[in-house]
Amino acid sequence: MTSTPVRAVNSAGAGSLMAVASMSCVQLGLAASIGLAATLGSDGVAWLRLAWAAVILVAFARPWRLRFSRSTLVMCALLGLATAGMTLSFMRAVETIPLGTASALEFTGPLAVALVQGRGAGRWWALAAAAGVLGLTEPWSGSADLVGVLYALGGAVCWAAYVLLTQRAGDAVDGVGALSVSMPVAALAATLVVGPGVAGRLDLPVLAIGLGLALLLPVVPFCLELLALRRLAASAFGTLMCLEPAIAATVGVVFLRQVPSIAALAGLVLVIAAGIGAARTGRRDPAGAERELQPAAPARQPG
């Protein structure tokens, strides 16, 4: 009689830990990208990470051994376009507006998912997380470049699509099969936008650094997020992702010596509270996930 609730708690807890580990890798990857951006530019770093990620995931998952329905392939391709748009838009945004402001604006994407799909207490946690993001970034303290703001908001739209598409792709395809299709699409899209202008600046040391960065961001985080979304509702996942500014602040203190203000500390407390609330209430309904899987019904390669 008690096995189902225990499994539910364990599932939510495991999904939450995966999401936190993913966000930690993202912030460490961003901090490590600063030096390489001086050589390749922010667009070039984003492209190199996506290109290496595509190579790694294709080699690991071997998507040619999997069988996808047409609708699943389309969904994975759209996920790839959302991934490329999210990555490139954010890197463009931080060229002209502060990292914290860009992060806060981009967080409006998953926050919107949380607000629209959340029910009851879930919506209150999303509002608390939104207030925390405001405290962390203090937008009232200065004006932001309009072009950078528009890029960040474009990234927010892509991130909202990424959350929803990743959940559906994770339900339709086992393991990292969806990423083995979506990431090459993302890399191809990024290549069409920025690849030709970066190729002449590549050498073996830069390629080696890019490989390490690709593992930190996006290979490991995206795999963890896909697994987390199989255990959490999209609304809870969107709320939980608001812990990322807190993790970013910690990385800033430890690696960049950036000390947060009182308002930022207050925001940190709010997003941590929202993350705890999401972890407690955000377990996905297994029956619901099974129903979501029914329309796609992909055929999978055995073993």
Peer 1: Could you measure the distance from the CE atom of Met75 to the CZ atom of Phe68? Nearest 0.5 Å is fine.
Peer 2: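 One gets 10.0 Å once the value is rounded to the nearest 0.5 Å.
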Peer 1: Under 4.5 Å between any side-chain heavy atoms of Val157 and Leu153, yes or no?
Peer 2: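 Side-chain contact under 4.5 Å: no.
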Peer 1: Tell me whether Val58 is reachable from Leu188 by hopping between hydrophobic residues (I, L, V, M, F, W, Y) whose side-chain heavy atoms are closer than 4.5 Å.
Peer 2: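 Leu188 and Val58: separate clusters.
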Peer 1: Report all side-chain donor-acceptor pairs from residues 76-91 shorter than 3.5 Å, counting only partners two or more places apart or in another chain.
Peer 2:
{"from": "Thr83", "atom 1": "OG1", "to": "Leu79", "atom 2": "O", "distance (Å)": "2.8"}
{"from": "Thr87", "atom 1": "OG1", "to": "Thr83", "atom 2": "O", "distance (Å)": "2.9"}
{"from": "Ser89", "atom 1": "OG", "to": "Gly85", "atom 2": "O", "distance (Å)": "2.7"}

Peer 1: If I take atom CG from residue Leu270 and atom CG from residue Leu127, how far apart are they, to the nearest 0.5 angstrom?
Peer 2: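 Leu270 CG to Leu127 CG: 11.5 Å, rounded to 0.5 Å.
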Peer 1: Let me check something: do Trp47 and Tyr151 share a hydrophobic cluster, defined by ILVMFWY side-chain heavy atoms less than 4.5 Å apart, either directly or through other members?
Peer 2: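 Hydrophobic grouping puts Trp47 apart from Tyr151.
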Peer 1: Nearest heavy-atom pair of Gly29 and Leu213: which atoms, and what distance?
Peer 2: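 That closest heavy-atom pairing would be O-CD2, 3.9 Å.
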Peer 1: Within this structure, what is the CG-CG distance for the pair Leu217 and Leu28, rounded to the nearest 0.5 Å?
Peer 2: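 Here the interatomic distance stands at 10.0 Å.
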Peer 1: Would Val269 and Ile247 show up in the same hydrophobic cluster when neighbours are defined by side-chain heavy atoms closer than 4.5 Å?
Peer 2: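 No, Val269 and Ile247 fall in different hydrophobic clusters.
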Peer 1: Taking a hydrophobic cluster as the set of Ile, Leu, Val, Met, Phe, Trp and Tyr residues connected by side-chain heavy atoms closer than 4.5 Å, whether directly or through intermediates, do Val45 and Leu207 fall within one such cluster?
Peer 2: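 Yes; Leu207 is reachable from Val45 via cluster members.
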Peer 1: My understanding is that only one of Arg49, Arg92, Arg201 makes a salt bridge (Lys or Arg N to Asp or Glu O under 4.0 Å) with Asp43; could you say which?
Peer 2: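 One option only clears the test, and that one is Arg92.
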Peer 1: Closest heavy-atom contact between Leu232 and Ser16?
Peer 2: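 Taking Leu232 first and Ser16 second, the nearest heavy atoms are CD1-N, 4.0 Å.
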Peer 1: Examine distances only and state if a side-chain atom of Arg168 and a backbone atom of Leu164 form a donor-acceptor pair shorter than 3.5 Å.
Peer 2: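 Between the backbone of Leu164 and the side chain of Arg168 there is no qualifying donor-acceptor contact (under 3.5 Å).
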Peer 1: Write down the atom of Gly109, the atom of Ala160, and the distance for their closest heavy-atom approach.
Peer 2: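 Taking Gly109 first and Ala160 second, the nearest heavy atoms are O-CB, 3.6 Å.
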Peer 1: Measure across Ala19 and Ala228 and return the closest heavy-atom pair with its distance rounded to 0.1 Å.
Peer 2: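 So the two residues come closest at N-CB, 4.1 Å.
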Peer 1: Are Leu48 and Val206 side-chain neighbours, meaning at least one heavy-atom pair lies under 4.5 Å?
Peer 2: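 With C-beta onward as the side chain, the pair touches.
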Peer 1: Which heavy-atom pair separates Glu244 from Trp159 by the least distance, and what is that distance?
Peer 2: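 Result for this residue pair: OE1-CH2, 3.9 Å.
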Peer 1: To check you understand the geometry: which heavy-atom pair defines the closest contact between Ser22 and Leu224, and what is its length?
Peer 2: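 Smallest interatomic distance, heavy atoms only, reads N-CD1, 3.7 Å.
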Peer 1: If we only count heavy atoms from C-beta on, is the Val219 to Trp52 side-chain gap below 4.5 Å?
Peer 2: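 No, every pair of side-chain atoms sits at 4.5 Å or beyond.
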Peer 1: Find out whether Arg231 and Met18 are in side-chain contact, i.e. whether some heavy atom of one side chain is under 4.5 Å from a heavy atom of the other.
Peer 2: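 Of all side-chain heavy-atom pairs linking Met18 with Arg231, at least one is under 4.5 Å.
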Peer 1: Going hydrophobic residue to hydrophobic residue with side-chain gaps under 4.5 angstrom, can you get from Leu192 over to Val198?
Peer 2: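 Each belongs to a different hydrophobic cluster.
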Peer 1: When you compare the side chain of Leu211 with that of Ile56, does any pair of heavy atoms fall below 4.5 Å?
Peer 2: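 Ile56 vs Leu211: side chains touch.
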Peer 1: Once rounded to the nearest 0.5 Å, what's the spacing between atom CG of Leu40 and atom CD1 of Ile209?
Peer 2: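 These two atoms lie 9.0 Å from each other.
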Peer 1: If you measure from CE on Met183 to SG on Cys223, what distance do you get to the nearest 0.5 Å?
Peer 2: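 Here the rounded value is 7.5 Å.
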